[in-house]
There are 2 protein chains.
Amino acid sequence: MQATIKDIAKKAGVSYATVSRALNGRRGVKDDTRELILEVARNMGYQPNAIARGLVLKHTRTLALVIPDITNPFFPEITRGVEDTASLQGYSVFLCNSHWDAKKEKLYLNTLQEKRVDGIILHTSNNVEEDQYTNFKIPMVLLNKISSVVEYSSVEVDNVRGGFLATKHLIEAGYRKIAFIGGTENSPSNAERKEGYKLALKQHRIPLDERLIMSGSFKSESGYENMKKLIDSGNIPDAVFGGNDVIALGVLHCAQEHGLRVPDDFGIIGFDDIPYASLPQIQLTTIEQPKYQMGRYAVDLLIKALRPEEGGEVKRIILEPKLKARKTTREVPR
Amino acid sequence: MQATIKDIAKKAGVSYATVSRALNGRRGVKDDTRELILEVARNMGYQPNAIARGLVLKHTRTLALVIPDITNPFFPEITRGVEDTASLQGYSVFLCNSHWDAKKEKLYLNTLQEKRVDGIILHTSNNVEEDQYTNFKIPMVLLNKISSVVEYSSVEVDNVRGGFLATKHLIEAGYRKIAFIGGTENSPSNAERKEGYKLALKQHRIPLDERLIMSGSFKSESGYENMKKLIDSGNIPDAVFGGNDVIALGVLHCAQEHGLRVPDDFGIIGFDDIPYASLPQIQLTTIEQPKYQMGRYAVDLLIKALRPEEGGEVKRIILEPKLKARKTTREVPR
DNA sequence: TTGAAAGCGCTAACAA
DNA sequence: TTGTTAGCGCTTTCAA
């Protein structure tokens, strides 16, 4: 059994209130007694019971990160950003994988409330019901936009701008027949990227061809399939903007299989800048999201919201996406 | 403020012990009162306080996973295995990144004890001091071998066998001058893989050339550098067994840069089978570790150890590594 | 500077 | 079947 404050009190011959004061560095304890108590505590290998403390203090110094799937290469860096920052500020973090499943997500949110975490960082699975996050009692910050009425603080990347940047790069590199192969239809991020795509085409007076706009899921196979459809249709684009890197890699694979020469005859750009993308054998041109920073900012926002003076207020941090021109697109002439 | 058991008791006009009984599905509560209580609880949006419960029950239904770095592609799948399994059994899991730093690891282990997690799954950073895990009060299972005297349960892959399999494959594919480019010198896993390498050479009567055995770190750059050294030395191998996939990828990059034709003139095999490895553009031959399963088994082992009847006993689960022959080695004639 | 005591929200032993 | 009560390990108020 672990030593408690009472055990120390007995051994040191003081009341346990004094032990608590000494251990917590509160003032109003004579230096001699403090030293004695600390000494005794050390000898007994005392470790404060955070559960008992949490019960009276009403906070647990615990945060939670709820994401769809840590196995998806987009999330580990965010997770590191979250964990590093939380740890620096004295918080531990629960990791929960929702498996892109709204039911599972809801279940997690519930247990996390029961465990009385101080705050939650959530990257929603899509397909979420409107009332999913209503009457929620714990501070929360979002890592992606949800279309719901509820308003939470969030840190996001400017997806419209990202989509615009991607498409503009393709155009400047001389590609003209540009397709958008996106992820899930009902994902707000996906919709915004598509919007940026349309914006860029318009600005450069390239007519929009609806047959070149596809959607599916945020997976490699979806990119492959959609690219194949495009090829089979005979209406073959000379470049593709993929809804994310994983999709883009699927497209790339399909393009190469069909003998399209990348980047000379066919350009491809992704979104996210997952670690794969920069591998020397891949060198995928993409739009970078500052993933680690997103995790970092989310924690900062959350911890600020924990302080009662600052609570309540909804803040949004919008981060800038950045073009990473690599080898799957032609060089832009200058 | 959240509703408590007392609030429910008051509203339902019963004692709060009865409420506790009803809520926990204990028998000895009249059906009518139970229904009433459940109804009231639902209306008040009651959520049990896991902290208070933990204080009296002396367990928290939480586990912790301590790994070096979730950003390292080897860990996300293990993590999923851990989290999925834990969640299925009603446990939440803390994620801690030690950054390959023994000090930080120790710090984490300490806070985790204070938070009274029920058990810990640990993949140690190397360079760990002998007494790091001694006088430790919480059940723990290890994901890699530590050279220390302390004995913990563990789930490991048979690294000697893995190293043997890798080298044997290279030999059977017709390569003769085979180098081992490993990770950190003091990593037990690394040492075991090297041992398997030597074993295979010996069995096939290929003389050991110590100049072909290199070590460094488990990073891509380390593989690149060591391969470069080999090339510069003039003593160029016709195949390399990399200490892990990331190293192997570095070696591959270097080899390609120097005009070595893979796999015809130069073969390369890794270890781990990280997600990158199977990318169509990479197709790295490697030794697979059952990562997800390792996480799963670790949790099973840990939860078993939590039950007092089964506690104490040290168990080891040794998993079989498997060859994944892909495109960076020649086909084995049959 | 120190101690006594209440109370955080819950479970469980005991009594009724 | 239900209620009373003690106690989990701690912090904090109040009094000494």
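First the proteins, then the strands, lettered A, B, ... as listed; each starts at 1.
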request  = Could you tell me whether B/Leu57 contacts a base, only the sugar-phosphate backbone, or nothing, with contacts defined as non-hydrogen atoms closer than 4.0 Å?
outcome  = sugar-phosphate
request  = Flag yes if more than 12 heavy atoms outside A/Lys11 fall under 6.0 Å of its NZ atom; otherwise flag no.
outcome  = no
task = Decide if atom NZ of B/Lys10 counts as having more than 12 heavy atoms of other residues, nucleotides or ligands within a radius under 6.0 Å.
result = no
Give a yes/no on whether any side-chain N or O of [X] is located under 4.0 angstrom from OP1 or OP2 of [N].
X: A/Tyr16; N: D/dT12; result: no
X: B/Asn49; N: C/dC8; result: no
X: B/Ser15; N: D/dT2; result: no
X: A/Ser20; N: D/dT11; result: yes
X: A/Arg26; N: D/dT12; result: yes
X: B/Thr33; N: D/dT2; result: yes

ask   = Does a donor on one side chain and an acceptor on the other come within less than 3.5 Å for B/Ser15 and B/Thr18?
value = yes
ask   = Do A/Ile120 and A/Phe136 come close enough that some side-chain heavy atom pair is under 4.5 Å?
value = yes
key: Rounded distance in Å - NZ (A/Lys6) to P (D/dT11)   = 13 Å
note = Note: for A/Ile5 and A/Arg21 on DNA chain D, the residue whose nearest nucleotide lies more 5' is A/Ile5
